[in-house]
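Working notes, structure below.
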Amino acid sequence: MKRTLIKETPQLVGQTVTLKGWVNVRRDHGKIVFIDLRDRTGLVQVVLVPELAKDFHTEDVIAITGIVKQRPEKLVNPNIETGTIEVEAKETELFSKAAELPFDMGKETLEVELPTLLDYRSLTLRHPKVQAIFKVQAVVIDAFRKALQAKDFLEFQAPSIISAVPEGGAEVFRVKYFDHEAYLSQSPQLYKSLLVTAFERVFSVNHIYRAEPSVTTRHLTESTSLDAEFGFIESWEEVQEMEEYVVRFIFDEVNSRCAKELALYNATIPLISEKIPVIKLRDAQEIIFQRTGRDVRAEKDLAPEDEREICAWAKEEKDSDLVFVSHFLTKKKPFYVHPDPADPTYAYSVDLLCRGVEWSSGGQRLSDYQTIVNNVHEWGLSEKGIALYLQAFKYGSPRLGGFALGAERITMHILGLKNIREATMFPRDMERIDVRLSTLE
RNA sequence: GGGGCUGUAGCGCAGUUGGUUAGCGCGUCUCCCUGUCACGGAGAAGGCCGCGGGUUCGAGUCCCGUCAGCCCCGCCA
């Protein structure tokens, strides 16, 4: 018989249906047995006689053929979407038996610590509350695409294998590449910029790789970067405005498409004011000094503590969970960053902070060929490995800029997760590639 | 790389100033239960207290080492 999805059952009262899915939980009452069956669309209560319930256990994969029945009013369960009905089983079939579970899967919340959550990833990804994280993430990424497609951006696939390290700063993974050495890309930055000279407006959803020896709650060695870049801008503010539009678009989509998922985490979309406040690094540091007495005014960057403080300021003073910080030090940024002509010490760069953490960085890029070449030398880089990038600007380029958002960080902060690994299906860090590396020795 | 904290049953945890037989909840197994929905009730199994050494009459508890994990800082296109 044709399979019916669980979410369809409330509309099929009186009909015989075949449901296929996993046993979420079994409640045995002797002469009557209840099974909450789970498929990708939801949960439904199945009523069975013991003979049909067999020895079904949590996570067994089964099929149930039965009649959809309206529940009497006093038996309605308002907590599940199919709570007005139940399915009275007439026939059951076991597809696949589940081994004894290492923890309780039938609970509303998985009560496991992070290492257990990841050690049993194939299993924990079945849990509805865990799945909610990745539904939100899928919507975030989809909304990013939709927002930029609506502005006529072209999606491209950036390469992961690169021949030279143009950025400096972050550590890179080396890979053996036949007789040569290559690297894993830390960013599609140079590709998206050079593509602007061909397509004007481009974006990409790519994995990026960082060999930073960082063990924190917000760093991964492999993560998903949402990149956008576009040309013919008038100023760096246009980049910041485009980013604001994209972030707002993402929030709207998540709000309208993920109400259920947000509710599971008791989460609310970050508060976004009519206009996200934009503040220069030095002004931000002055504000921190005024608020806390902590003098960070000579620092070259914001420490995590500073990022939290400036977010607190934005929240209290500007009614916004988000805040842009601009004009970082040119020398702390990569060679392609565009200095502010008014004071070249500072750059047309802009980070987006949300709920205490950096969500993105972006800004205006250099577009003048000779200036770029000079900077390549000044930054101590080699022209050879980035020849294609330089070529793009040699043959004419519009004024350009762009930004990159971290998909996992957005997901994490929307849902209020404490560790970015929770917002990553298969997180890689210094100690883990699917399994703990220490277990492989 | 620096600092802090934690390793006790499958999972999540408690365990007093060092004291006799190692505790709780969930899960698992057996039995009972026709209206539960995190069902309930009765019973049972399940532990080299991460590992190694030390102090002590006596160590889950104190000390040293080691391994594993978590958090903070640093680093972070």
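In what follows, chains are A, B, ... by sequence order, proteins preceding strands, each numbered from 1.
The aromatic rings of A:W359 and A:H413 sit tilted relative to each other, their planes meeting at an angle between 30° and 60°.
Within 6.0 Å of atom CH2 in A:W22, 12 or fewer heavy atoms from other residues, nucleotides or ligands are found, so the atom counts as exposed in its surroundings. Heavy atoms from other residues, nucleotides or ligands lying under 6.0 Å from CD1 of A:I433 number 12 at most.
In the model, A:S193 has a side-chain atom that pairs as donor or acceptor with a side-chain atom of A:E229 under 3.5 Å.
Look at NZ on A:K332: it is 9 Å from C1' on B:rC76, rounded to the nearest Å. In this structure, A:L110 places its CG atom 12 Å from C1' of B:rG12, rounding to the nearest Å. The separation between A:H219 atom NE2 and B:rC73 atom P is 10 Å, rounded to whole Å. A straight line from CZ of A:F103 to P of B:rG12 spans 9 Å, rounded to a whole angstrom. Taking atom CE of A:M105 as the reference point, atom C1' of B:rG12 lies 16 Å away to the nearest angstrom. The distance from atom CG of A:D351 to atom P of B:rC76 is 13 Å, rounded to the nearest whole Å. Atom CG of A:L117 is separated from atom P of B:rG69 by 15 Å (rounded to the nearest Å). The distance between atom CD of A:E100 and atom C1' of B:rU28, rounded to the nearest whole Å, is 5 Å.
Nucleotides B:rG41 and B:rG53 are separated by 45 Å at their P atoms, to the nearest Å. Comparing B:rG25 with B:rC33, their C1' atoms sit 23 Å apart, to the nearest whole Å. Between B:rG2 and B:rA38, the distance separating the two C1' atoms is 44 Å to the nearest Å. Comparing B:rU61 with B:rU17, their P atoms are spaced 15 Å from each other, to the whole Å. The separation of B:rC13 from B:rU34, taken at their C1' atoms, amounts to 36 Å, rounded to a whole angstrom. Between B:rC51 and B:rA59, the two P atoms lie 15 Å apart (nearest whole Å). Annotation: B:rG40 and B:rG35 have their P atoms spaced 14 Å apart (nearest Å). Separation of the C1' atoms belonging to B:rC64 and B:rC72 is 26 Å when rounded to the nearest angstrom.
Shown for residues 408-435 of chain A: residues whose heavy atoms fall under 4.0 angstrom of RNA chain B, namely A:N419. Sorted by residue number, the members of residues 298-312 of chain A with any non-hydrogen atom under 4.0 Å from RNA chain B read A:A303, A:P304, A:R308.
Once rounded to the nearest 0.5 Å, the distance linking CG of A:L220 with NE2 of A:H207 reads 10.0 Å. A:E243 contributes atom CD, which lies 10.5 Å from atom CG of A:L226 (distance to the nearest 0.5 angstrom).
When the nucleotides B:rA68, B:rC73, B:rC70 are ranked by their closest atom to the side chain of A:R218, B:rC73 comes out on top. Relative to the side chain of A:P102, the nucleotides B:rG10, B:rG12, B:rC76 differ in distance, and B:rG10 lies closest.
Counting heavy atoms from C-beta on, the side chains of A:E378 and A:K331 come closer than 4.5 Å. With a 4.5 Å cut-off on side-chain heavy atoms, A:P270 and A:I414 count as touching. You'll find the side chain of A:I288 stays beyond 4.5 Å of the side chain of A:R291, heavy atoms only. Side-chain contact between A:F335 and A:I372: present, with at least one pair of heavy atoms (C-beta onward) separated by less than 4.5 Å.
Distance alone, capped at 3.5 Å, is enough to place a donor-acceptor pair between the A:T41 side chain and the A:I6 backbone. A distance-only check finds a donor-acceptor pair linking the side chain of A:T424 to the backbone of A:I420 [under 3.5 Å].
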* Sequence-aligned protein contact record of nucleotides 29-39 of chain B, with B where the base is within under 4.0 Å of a protein heavy atom and S where only the sugar-phosphate is -> S---BBBBBBB
* Where protein sits on nucleotides 41-46 of chain B, one letter per nucleotide: B base, S sugar-phosphate only, - none, heavy atoms under 4.0 Å -> ------
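Under a 4.0 Å N-O distance rule, the pair A:R174/A:E181 qualifies as a salt bridge.
Within the nucleic acid shown, A:T216 comes within 4.0 Å of at least one base atom, counting heavy atoms only.
The aromatic ring centres of A:F156 and A:Y191 sit 6.0 Å or more apart. Less than 6.0 angstrom separates the ring centroid of A:F103 from the ring centroid of A:Y120. Ring to ring, A:H327 and A:Y346 are not that close: their centroids are 6.0 angstrom or more apart.
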* Reading RNA chain B 5' to 3', what string of ( ), [ ], | and . shows its pairs, if Watson-Crick and G-U wobble pairs count only when both distances fall under 3.5 Å? -> (((((((..((((.....[...)))).(((((.......))))).....(((((..]....))))))))))))....
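Between B:rC72 and A:T217, a contact under 4.0 Å exists linking OP1 or OP2 to a side-chain N or O. For A:T221 and B:rC76, the shortest distance from a side-chain N or O to OP1 or OP2 is not below 4.0 Å.
A:D301 meets the side-chain hydrogen bond (donor to acceptor under 3.5 Å, both in side chains) test with no other residue; sequence neighbours excluded.
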* To do: Please lay out, stage by stage, how A:S361 and A:V350 fare under the test side chain to side chain contact (heavy atoms under 4.5 Å, CB included).
  => CA-CA 6 Å; A:S361 57; A:V350 60; over 6 Å; no
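The residue among A:S438 and A:P213 whose nearest nucleotide of RNA chain B lies closer to the 5′ end is A:S438.
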